[in-house]
Protein chains: 2
Amino acid sequence: MPAPKTPPLGLHLAATAKSVRRAFDDALAGAGGSLPVWLILISIKRGDPGNQRDLAAAVGITGATLTHHLNAMEADGLLVRRRDPSNRRIQRVELTEAGENTFHRLRGTATAFDKRLRAGLTAQELDVLADLLKRLQANV
Amino acid sequence: MPAPKTPPLGLHLAATAKSVRRAFDDALAGAGGSLPVWLILISIKRGDPGNQRDLAAAVGITGATLTHHLNAMEADGLLVRRRDPSNRRIQRVELTEAGENTFHRLRGTATAFDKRLRAGLTAQELDVLADLLKRLQANV
DNA sequence: GTCAAAACAATTGACATCAAAGGATTAGGT
DNA sequence: ACCTAATCCTTTGATGTCAATTGTTTTGAC
């Protein structure tokens with residue numbers, strides 16, 4: 001059985017992303033965090049509408065998974081959930097001071113990691129890569 | 001809070017890979033498979049040494065996870081495990097006829113998916129992308 | 001105004017994954 | 001020959017994820 005004429009792009013992408021994700025998660029763990037926690041923190045800080053539905057979409061996970069993480073983060077004192085008085089179906093999520101501190105700590109780790117990841121790539125190459133990734137996403 | 005000066009490359013890569021992976025897994029599910037099963041099948045067919053340690057490395061999962069999938073695949077009749085008589089620590093993994101059939105079925109799906117994923121990208125762009133992915137992986 | 005439908009979040013049940021610990025077998029040093 | 005090390009696989013316990021279901025609250029049709 002010969003190797004496929006064209007190497008499998010999807011598998012290459014998946015393998016690379018897995019390595020990168022794993023390394024990033026390890027780096028965040030060293031600062032007392034994790035990838036999902038970091039994604040949730042930045043989405044909250046960016047001031048997305050504040051309901052969990054939009055938050056989940058911004059993070060790229062389902063509502064069920066978000067609930068799971070928010071439970072843990074609330075138990076850890078990183079945030080509080082309050083019902084919106086004007087629409088009691090909605091939970092408003094807000095960071096506590098401990099949540100703010102964790103955010104700043106993880107931001108340092110994330111910034112350093114992204115710098116490491118970009119090492120040796122020119123600004124033009126980064127633009128090309130971003131464009132290619134966008135086009136792949138549009139193809140699925 | 002302003003957006004970061006340079007967009008977070010790691011998150012873009014992770015998001016794209018997640019979309020692609022999800023779409024690929026859905027396509028394989030339509031053919032009665034899944035991404036891990038497909039990866040295991042191609043690794044076996046490629047004739048890797050035949051022990052589970054190397055098989056897990058080829059697939060990109062740990063031995064524990066591989067054991068889990070092999071249990072399920074063996075229960076489904078896709079493969080058999082036999083102890084190597086010359087080294088009874090080693091399990092040799094072999095596809096059954098049903099396993100071969102599943103492999104061929106999924107190969108059609110995977111080929112079609114990769115074609116869809118590459119749509120609109122020139123051969124040169126694919127080369128550039130493969131090179132960039134390789135360099136990212138080297139940076140972690 | 002009432003009541004069915006929609007929106008929102010939480011819960012439940014399932015799967016993929018990993019790290020750490022455990023059991024069986026072989027290899028190597030003495 | 002022994003007996004400690006290493007090797008190989010499995011088991012156990014934990015996390016992250018999703019789909020489907022459930023419970024609350026609001027909206028909209030009548």
Side-chain angles (χ1 to χ4, degrees), chain A residues 14-15 17-26 28-30 32-41 44 48-76 79-94, chain B residues 14-15 17-26 28-30 32-41 48-76 79-93:
Chain A
K18 187 172 186 174
S19 294
V20 171
R21 180 189 170 108
R22 187 69 192 278
F24 188 32
D25 206 32
D26 285 349
L28 290 171
S34 71
L35 182 51
V37 165
W38 168 238
L39 291 171
I40 290 168
L41 288 175
I44 293 173
D48 286 325
N51 77 52
Q52 291 187 198
R53 184 194 199 80
D54 294 336
L55 188 52
V59 172
I61 56 180
T62 64
T65 302
L66 180 64
T67 293
H68 170 67
H69 288 299
L70 291 183
N71 287 344
M73 292 170 76
E74 190 165 26
D76 285 348
L79 51 81
V80 293
R81 281 183 280 195
R82 292 183 303 100
R83 291 276 165 196
D84 184 329
S86 75
N87 184 346
R88 298 186 38 73
R89 288 174 298 189
I90 295 180
Q91 295 268 35
R92 298 288 172 194
V93 178
E94 292 171 12
Chain B
K18 187 172 186 173
S19 293
V20 170
R21 180 188 170 109
R22 186 69 193 278
F24 188 32
D25 205 31
D26 285 349
L28 290 171
S34 71
L35 181 51
V37 165
W38 169 238
L39 291 172
I40 290 168
L41 288 175
D48 287 324
N51 77 52
Q52 292 186 199
R53 183 194 198 82
D54 294 335
L55 188 52
V59 172
I61 57 180
T62 64
T65 303
L66 180 65
T67 292
H68 169 69
H69 287 299
L70 292 183
N71 287 345
M73 291 169 76
E74 190 165 26
D76 284 349
L79 50 82
V80 293
R81 281 184 280 194
R82 290 182 304 101
R83 292 275 167 195
D84 184 330
S86 75
N87 183 348
R88 297 186 38 72
R89 288 173 300 188
I90 295 180
Q91 296 268 36
R92 298 288 172 195
V93 178

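Lettering follows sequence order; numbering is per chain, from 1.
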Exercise for the section: Using whole Å, report how far CG of A/L66 lies from C1' of D/dT15. Expected result: 16 Å
Handout entry: Counterpart residues, salt bridge (charged side-chain N to carboxylate O under 4.0 Å, His left out), relative to A/R82 (two or more places apart)
Key = A/E94
Problem - Side-chain N or O of B/T67 closer than 4.0 Å to phosphate OP1/OP2 of D/dT10 - result: yes
Practice task
Rounded to the nearest 0.5 Å, what's the gap from CD1 on A/I61 to OG1 on A/T67? Could you check?
Solution key: 9.0 Å
Exercise for the section: Mind checking A/H69 for me? I need base, sugar-phosphate or nothing, with any heavy atom below 4.0 Å counting as a touch. Expected result: sugar-phosphate
Completion exercise
Which of C/dT25, C/dT17, D/dG16 is nearest the side chain of B/R88? It is C/dT25
Exercise for the section: Go through the structure and list residues passing salt bridge (charged side-chain N to carboxylate O under 4.0 Å, His left out) with B/R92, not counting sequence neighbours. Expected result: B/D84
Completion exercise
The complete set of side-chain hydrogen bond (donor to acceptor under 3.5 Å, both in side chains) pairs with one or both residues in residues 32-41 of chain B, sequence neighbours excluded, reads none
Practice task
Report the nucleotide, chosen from C/dT11, C/dT17, C/dA20, that has the shortest atom-to-atom distance to any side-chain atom of A/N71.
Solution key: C/dT11
Handout entry: Proximal nucleotide (of D/dT12, C/dT17, D/dC9) relative to the B/T65 side chain
Key = C/dT17
Practice task
Find the partner of C/dT26: check Watson-Crick (N1-N3 plus N6-O4 or O6-N4) and G-U wobble (N1-O2, O6-N3) distances, both under 3.5 Å, and reply none if neither fits.
Solution key: none
Practice task
Count the heavy atoms of every other residue, nucleotide or ligand shown that sit under 6.0 Å from CZ of B/R81, and state whether that count exceeds 12.
Solution key: yes
Practice task
Hunt down the Watson-Crick or G-U wobble partner of D/dA5, both distances under 3.5 Å, from any strand shown, or write none.
Solution key: none
Practice task
Could you state the atom-to-atom distance from CD1 of A/I40 to C1' of D/dT15 in whole Å?
Solution key: 13 Å
Fill in the blank from the handout: From CG of B/L28 across to C1' of C/dA16 the rounded distance in Å is 15 Å
Completion exercise
Out of C/dA10, C/dA20, D/dA19, minimum distance to the side chain of B/R22 belongs to D/dA19
Might you list the N or O atoms of the protein lying below 3.5 Å from N or O atoms in nucleotides 4-7 of chain C, with each pair's distance?
residue, atom, partner, partner atom, Å
C/dA7, O4', A/R89, NH1, 3.4

Problem - Stretch residues 79-87 of chain B: residues that reach within less than 4.0 Å of DNA chain D through a heavy atom - result: B/R81
Completion exercise
To the nearest angstrom, the CZ-P distance between B/R21 and C/dC15 comes to 16 Å
Practice task
Tell me which of B/R92 and A/T62 sits closer to the 5' end of DNA chain D, going by the nucleotide each one is nearest to.
Solution key: B/R92
Practice task
Tell me, please, which residues at least two apart from B/R53 pass salt bridge (charged side-chain N to carboxylate O under 4.0 Å, His left out).
Solution key: none
Practice task
Taking syn as within 90° of 0 and anti otherwise, name the glycosidic form of D/dA5.
Solution key: syn
Practice task
Grab the two heavy atoms, one from B/K18 and one from A/G60, that are nearest each other, plus how far apart they are.
Solution key: NZ-O, 2.5 Å
Exercise for the section: Evaluate the side-chain proximity of B/L70 to B/Q91: yes if any heavy-atom separation is below 4.5 Å, no if none is. Expected result: no
Handout entry: A/I61 CD1 - C/dA9 P separation (whole Å)
Key = 13 Å
Handout entry: Atom pair CG (B/L66) and CG (B/N71), whose distance is rounded to the nearest 0.5 Å
Key = 9.0 Å
Completion exercise
To the nearest angstrom, the CD-C1' distance between A/Q52 and C/dA10 comes to 9 Å
Fill in the blank from the handout: When rounded to whole Å, the CG to C1' distance for the pair B/N51 and D/dT7 reads 10 Å
Problem - Rounded interatomic separation in angstrom, taking NZ from A/K18 and C1' from C/dT17 - result: 7 Å
Problem - Heavy-atom check, side chain of B/L41 versus side chain of B/M73, under 4.5 Å - result: yes
